[in-house]
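One structure is given here, and the rest of the page talks about it.
Each chain gets a letter, A, B and so on, in the order its sequence line appears, and its residues count up from 1. The figures that follow rest on heavy atoms only: side chains count, while hydrogens, waters and symmetry mates do not.
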Amino acid sequence: VFVGSSLIDMYAKCKRLDDAHRIFNRLPKRNVVTWSALIAAYAQRGCAEEALQLFKQMQQEGMQPNQVTFVSLLKACSGIAAQDRGKWIHDQIIEKGLEVDLYIGSTLVDLYAKCGDFKDAQVLFDRLPRRDIATWSALIAGYAKHGYGHEALQLFQQMAQNGLVPDRVTFICALQSCSSIAAHEHGKQIHMQIIKNGFESDLRIGSSLIDMYAKCGSLENACVVFDRSTKRNVVTWSAMIAGCALHSNYSLALRFFEDMQRVGLEPNCVTYLCLLSACSHAGLVEEGCVYFKMMREDHGLAPTLVHYNSMADLLGRAGFVNEAEDLVECLPFRPD
RNA sequence: AACGGAAAGUAGAU
């Protein structure tokens, strides 16, 4: 049973869910870990229906779920914002008296927050006997995701008052909260805390900082963060190009686009989207068309629906309404 | 042997 469960986990972590399920079907003996491993695998890959289906099958066979099983099931529900299904799982958790579990509590907060039900999320949060940094982050991220930047930042401060030290995830959530409401001063303060906590060289924190400053109106500070950074990857550069686009600074965007290639980095789909956005904001139709071609011809990147959308935006903004219409009609995708 | 907070950081329109 141990070997079988490990095999399922291994195949799942190699993204080979079919093989994981095949192993599962062939096992002569299964315990709660075996079931939970496969349910977790589906939940993590966003296959909520499969996870819930397995749970029903598990119950039919009389196998009792444990904390881990429930956490994975809740995650499956929150992944597709299925509050009704989540509530159904929640009821069973209450029946078993498992709501007090730290992981289950945090995942429940995450579920309600992701679904935008802040009333239930808050009530639950308040009655949990144990909370850690992930519990707080789940609520903060939920508020930030739904555009409640002020509430998110307030919680972030409250968390510190409760003696909890933010980690990378919490900092990124806090920075995103600042971005969403252009809270420049809060952003600067959080930046100082990041330095104090030694996270400034983190790649993800770095691009979040660039994004935050640009969205808070300071392309200058975004450039300062970029210049001071010691590690940069394609996301760092793309965040910078996105910032230039937001500030309608096409020439600077182009300079970053060229420099990133000079240091040996390949632009990806998002990089091109940032660049197209820069062209669009600057009204540079010809340049935009050049880059649209270049992404396939020079970098082997097939334009996706969002790239076509961006081109339609570019043409439409510049007054080429007919051309934009033609583009939408010839779309190799279903338009959204 | 299985589990929680980041769409794990960057992009369009509104």
Taking N and O atoms by type only, does the side chain of [X] place a donor or acceptor under 3.5 Å from a partner on the base of [N]?
| X | N | value |
| --- | --- | --- |
| A/Ser207 | B/rU10 | no |
| A/Asp132 | B/rG5 | no |
| A/Ser208 | B/rG9 | no |

Discussion item. Say we look at B/rG9 and B/rG5: how far apart would their C1' atoms be, to the nearest angstrom?
Written reply: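 So the two C1' atoms sit 15 Å from each other.
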Worksheet item: For atom C1', what is the distance between B/rA2 and B/rA6, given to the nearest Å?
Response: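 It comes out at 22 Å once rounded to the nearest Å.
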Any base atoms under 4.0 Å from [X], or only sugar-phosphate, or nothing? Heavy atoms, all strands.
| X | value |
| --- | --- |
| A/Ile133 | base |
| A/Asn233 | base |
| A/Thr170 | base |
| A/Leu203 | base |
| A/Ala37 | sugar-phosphate |
| A/Ser6 | sugar-phosphate |
| A/Thr107 | sugar-phosphate |
| A/Ser106 | base |
| A/Asn268 | nothing |

Item to complete: For the pair A/Phe226 and A/Phe256, name the ring-plane relationship: parallel under 30°, tilted 30 to 60°, perpendicular over 60°.
Response: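 Taking A/Phe256 first and then A/Phe226, their aromatic rings stand perpendicular (interplane angle over 60°).
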Discussion item. Parallel, tilted or perpendicular: which one describes the rings of A/His90 and A/Tyr112, with boundaries at 30° and 60°?
Written reply: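 Geometry flag for A/Tyr112 against A/His90: tilted rings.
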Within the structure, does a side-chain N or O atom of [X] lie under 4.0 Å from either OP1 or OP2 of [N]?
| X | N | result |
| --- | --- | --- |
| A/Gln176 | B/rA7 | yes |
| A/Gln44 | B/rG4 | yes |
| A/Lys114 | B/rA6 | yes |
| A/Lys75 | B/rA6 | no |

Protein N or O to nucleotides 12-14 of chain B N or O, pairs below 3.5 Å:
{"unit_1": "B/rA13", "atom_1": "OP1", "unit_2": "A/Arg317", "atom_2": "NH2", "d": "2.1"}

Is there a donor-acceptor contact under 3.5 Å linking the side chains of [X] and [Y]?
| X | Y | value |
| --- | --- | --- |
| A/Ser36 | A/Thr69 | yes |
| A/Thr304 | A/His307 | yes |
| A/Gln157 | A/Gln189 | no |
| A/Lys114 | A/Gln83 | no |

Worksheet item: Of the nucleotides B/rG9, B/rA2, B/rG5, which has the atom closest to the A/Val169 side chain?
Response: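 The answer is B/rG5, which lies nearest to the side chain.
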Fill in: Close side-chain approach of A/Met240 to A/Arg255, heavy-atom, < 4.5 Å
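With C-beta onward as the side chain, the pair stays apart.
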Discussion item. Under 4.0 Å between a side-chain nitrogen and a carboxylate oxygen: does that hold for A/Asp259 and A/Arg262?
Written reply: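 Yes, charged N to carboxylate O under 4.0 Å.
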Item to complete: Take atom CG of A/Leu128 and atom C1' of B/rG4, then tell me their distance rounded to the nearest Å.
Response: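 For the pair A/Leu128 CG and B/rG4 C1', the rounded distance is 12 Å.
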